[in-house]
Amino acid sequence: MDLLLSPQLLFSALVLGSLYALIGVGLNFVYGTIRLLNIAHGDLVMIGAYAAFGLFTALGLSPMFGLPLIAGITAMIGAGLYFGLFKRQLENTTSVEQLEANSLLLFFGVSVILQNTMALLFTTSPRAYQHLDYVISIGGLDMTLSRLLALVVSLTIVFAISMFLKFSIYGLGISAIIQNRDAAKIVGIDVGRVQLGSFILGFGVAGIAGALVSLTEQISPFMGFPFTIAAFVVIILGGLGNISGGIIAGILLGFIEIYSVALTSATYRSILIYGVFVAAIMLRPQGLFGKAQT
Amino acid sequence: MTVLRSDLAFFAGLAILAGFGLSVGSLFGTYWVIVALNFAMWIALTQSWALFSGLTGYISLGNVVFYGLGAYTVAVSFKVLPLWVAVPMGGLVAAVFALMIAVPALRVRGPYFVILTFGISELVKYSILNLETYLGKSSRLLFGAPSAEAVLYTMIALAVASSVLMRLVKSSTFGRGLVAIQGDETSAETVGIPVTRFKVMGFTLSAFIPGMVGGLMALRSTYFEVLQVFNPFISFTIVTMAIIGGSNDARGPILGAAFLVFLSELLWSSAPRLYMILLGAFLIAFVLLAPSGLVGLLRKYGEGHSK
Amino acid sequence: MTLLQIEKIGKSFGGLRALNDVNFAVNNGETVGLMGANGAGKTTLFSIIAGHQPPTDGIVRFKGDQMTGKRPDQICHAGIARTFQIVRPFARMTVRENVETAILFGGARHASNQPLEIRAKDILDQVGLVDQSEMPSGALTLSGRKKLEVARALGTGPELLLLDEVMAGLTPAEVAKMLDTLRAIKADHKLTIFIIEHVVSTLSDLSDRIIVLHHGVKIAEGTPREIAENKDVRTVYFGGDDT
């Protein structure tokens, strides 16, 4: 019982959950809005993590200040992929099913290429760096500054994005496209530009998430896949395109992971994650907050 | 009568390929036995994938689970059951598992099905891993397994069986129903196709041979290790081969398997990362430029010539 | 003789009542029109009859047998075929293969020993698509795809044909042709037709009887002439009873 109430555990769950929420938001841009099944999403998180690691070790630049640059790098990759692979697919594919199937295969190719290119360049050995690891104690809670920052920054960004989507013209354009692509075209929304925007934002957010992840754990070229899975759990449970649903689902997933591992044993972590994942799809494909279709 | 002639050509080609595979050991030596075994294994796995996913459009990213369950069955029953029982039993276990998950899994469509199949295969992997740890077996050694040749002969039989099965199903009424499901599931129901039953049957059928293949490969490597036989890389390779070869025609998986086995022989031992990068690049290139795969390219080339 | 019996059918989506206590019958050999504004529940009613959605209340009977609770493929085998307002051809199949598939799996699959191809061609000929037989179904024009919907439904060998706006979006000339086609296939296949159509004159032209739905409730039923003179219908359609 002490274990459950430990502020340490609560804090860990919040940090992980907020990172999951952030990663889920990124995927929501690309899958939730334009239906491209981005299974390379976690690999972009990995690229962001390496970018942060590289900036810090080579230039001594703190990831906190490097965030815009890191986001820029992954956003550029997103824009490149949009123009190189997906623009024509999005324009020419008439059925959503075909688009989803093709995008899955394309992103799978991208994922394999990213992982192995990074493994070729930086070897497969895990890396980590020491930064902002002063311990701050509040009450009975000891936390490193880096983790606290990861929590604060990811929540801030998620919140900023949800405000942006709610109140900006771009956000309205996105909601219009989710609801009806053809109608959106008719009322004069430049669908192509909104799609490009989704790529840039989605990939940029993944890069930021990666930089924050690199503050809290070791990084390696193959670290991305669990994050992809987590991101899908978050957007499925939270509901496609539903940012606030995603925040709740991300935090929930963080809590499930941290607490169940604490209560049982670390060896059950993967079973739990995939168990939640499978159960989410089989039992609540419409999300925790969506209505069941009859 | 062109249908008959093309059938004849297909079966003749298959027979020649199989005959060549059977004699490869005596002709070129042991190294080529291993290459032939690999080739036959990937044909059997990819044909089985195409039988369901190629025809219905339900892309499965978790077919390694069938392979792994077959391997596990053989490993657990090693020295308990005779091999001629254990290997088919591996197929049966995989098929029963497919049957069990089919109804809930096939209710979800499109991308959810894709990631669900992946999730299920990882869930089974980690569950068995924990079970083995609990039982105190980090890996199982299979002493006294049959020779590489014996495994090769059986594997060739499975490759031939899976190819013939794909060909027969494709041209059957059942196959037509599966293709209709890919075209439009709601319409398929409306014209009288028992959609759920067909999907469940197709999914179950596509699990049997991979289960046997997994059992055989466990014998071949003479030990069983969970992370190795449930490696998602196997699922990914199957899909890549099917896409590169073309997945709605029994010739496709053979061509796709040939292409990647060749590439892997060239690069895997010397430059595994490069091999993987090329695999990704080829996958992207085929999806974008030749969505019907090598078979589609051949067909186009053939039509160009007959004009 | 009653072929299709709709008994107290109701359907709710969440709090929304899409259909409420709908009762009527369609007799053997009739052509019955179903009329109503967008959102009146017409397509929902079709989906319930064809088994794509379960009703919240009520029973659908076909030739006296209960259809409610059966799957769409079983209902097809019982002799009910439907078309879709938003056309749904089998992608990656030719026009002919689309119809062949319907013949292979439909209720009349054992009805004839003729080769599949001939049976499909006959049907395509009747709907005026025979020249496009070998085209990929996706390459057809809208009017072609509407015809394919009808051809595929016919392929299953139905007794009752549910047609959902098969003439929407067609040019007047195409509509006239489709009307002829429908009359011809009705006589030839001894069909009963239950049809949704937006254009009142087209529907009146074709139907023996018309049923009017408004906000999920049946507000009128009668011959086209009776419907044209019905006060409730006029109120709903033309706003106010001063006309």
Side-chain angles (χ1 to χ4, degrees), chain A residues 31 35-40 81 84-86 88-89 95-121 123-124 221 225-226 228-229 232-233 236 265 267-283 285-286, chain B residues 53 57-59 61-62 101 103-105 107-131 133-134 182-185 232-233 235-237 239-240 242-244 271-288 291:
Chain A
Y31 182 64
R35 286 315 175 95
L36 297 178
L37 197 49
N38 183 4
I39 57 168
L81 290 176
L85 301 182
F86 294 101
R88 277 189 48 204
Q89 292 280 311
S95 84
V96 181
E97 287 84 11
Q98 193 59 40
L99 187 65
E100 284 175 335
N102 283 352
S103 65
L104 163 84
L105 296 168
L106 291 173
F107 273 122
F108 169 54
V110 169
S111 165
V112 171
I113 292 175
L114 288 179
Q115 287 174 9
N116 287 281
T117 307
M118 294 304 276
L120 209 55
L121 295 176
T123 77
T124 53
F225 213 88
T228 302
I229 294 294
F232 273 101
V233 175
I236 290 168
S265 121
T267 51
Y268 294 117
R269 179 173 182 242
S270 300
I271 296 189
L272 277 161
I273 296 278
Y274 285 107
V276 172
F277 178 66
V278 167
I281 301 175
M282 279 194 179
L283 306 176
Q286 71 280 17
Chain B
S53 295
Y58 274 78
I59 296 178
L61 255 191
I101 63 167
V103 175
R107 270 194 332 195
V108 298
R109 278 150 88 153
Y112 282 10
F113 178 77
V114 179
I115 50 181
L116 177 62
T117 51
F118 176 80
I120 289 174
S121 81
E122 289 290 280
L123 183 60
V124 172
K125 174 171 90 178
Y126 288 111
S127 303
I128 292 186
L129 188 66
N130 275 283
L131 178 67
T133 315
Y134 174 75
Q182 167 161 39
D184 190 308
E185 204 159 325
F233 175 61
S235 302
F236 294 152
T237 306
V239 178
T240 310
I243 300 300
I244 289 179
R273 301 279 157 234
L274 182 63
Y275 167 75
M276 290 301 291
I277 292 170
L278 282 177
L279 186 135
F282 275 115
L283 179 63
I284 290 173
F286 271 89
V287 171
L288 289 180

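In this text the structure is predicted, and so the values were computed from the model without any measurement. Within every chain, numbering begins at 1; the chains are lettered A, B, ... in the order of the sequence lines, protein sequences first and strands thereafter. Values below: all heavy atoms of this structure, side chains included; hydrogens, waters and symmetry mates excluded.
Classified by interplanar angle (parallel below 30°, tilted 30° to 60°, perpendicular above 60°), the ring pair A:Y274/B:Y126 is parallel.
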Q: Starting from the C-alpha separation in whole Å, work towards a yes-or-no answer on ring pair (Phe, Tyr, Trp, His ring centres under 6.0 Å) for B:F118 and A:F225.
A: CA-CA 11 Å; B:F118 176 80; A:F225 213 88; 4.7 Å; yes

(Q) Would A:F277 and B:I115 count as a side chain to side chain contact (heavy atoms under 4.5 Å, CB included) here? Give the steps. (A) CA-CA 9 Å; A:F277 178 66; B:I115 50 181; 3.8 Å; yes

Q: Kindly determine whether A:I39 and B:V114 satisfy side chain to side chain contact (heavy atoms under 4.5 Å, CB included), including the steps that lead there.
A: CA-CA 11 Å; A:I39 57 168; B:V114 179; over 6 Å; no

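For chain B, the option among A:L85, A:I281, A:V112 with the highest count of heavy-atom pairs below 4.5 Å is A:I281. Comparing A:L120, A:L272, A:T228 by how many heavy-atom pairs each has under 4.5 Å with chain B, the most go to A:L120. Put simply, of A:F107, A:F232, A:Y31, the one with the most heavy-atom pairs under 4.5 Å next to chain B is A:Y31.
For a residue to count as touching a neighbouring chain, one of its non-hydrogen atoms must lie under 4.5 Å from one of that chain's; by this rule B:T240 touches chain A with the side chain only. Heavy-atom distances place both the backbone and the side chain of A:I271 under 4.5 Å from chain B. The parts of B:I277 that come within reach of chain A are both its backbone and its side chain, each placing non-hydrogen atoms under 4.5 angstrom from that chain.
Within the 4.5 Å cutoff, no side-chain heavy atoms of B:V108 are placed close to those of A:M282. Residues B:L61 and A:F108 are not in side-chain contact: their nearest non-hydrogen atoms beyond the backbone lie 4.5 Å or more apart. Proximity of B:L274 to A:N116: side-chain heavy atoms (C-beta onward) are nowhere separated by under 4.5 Å.
The CG atom of B:N130 sits 13.5 Å away from atom CZ of A:R269, with the distance rounded to the nearest 0.5 Å. For the atom pair CG of A:L106 and CG of B:L288, the computed distance is 5.0 Å after rounding to the nearest 0.5 Å.
Under the 3.5 Å distance criterion, the side-chain polar atoms of B:R273 are left unmatched by any main-chain donor or acceptor of A:A119.
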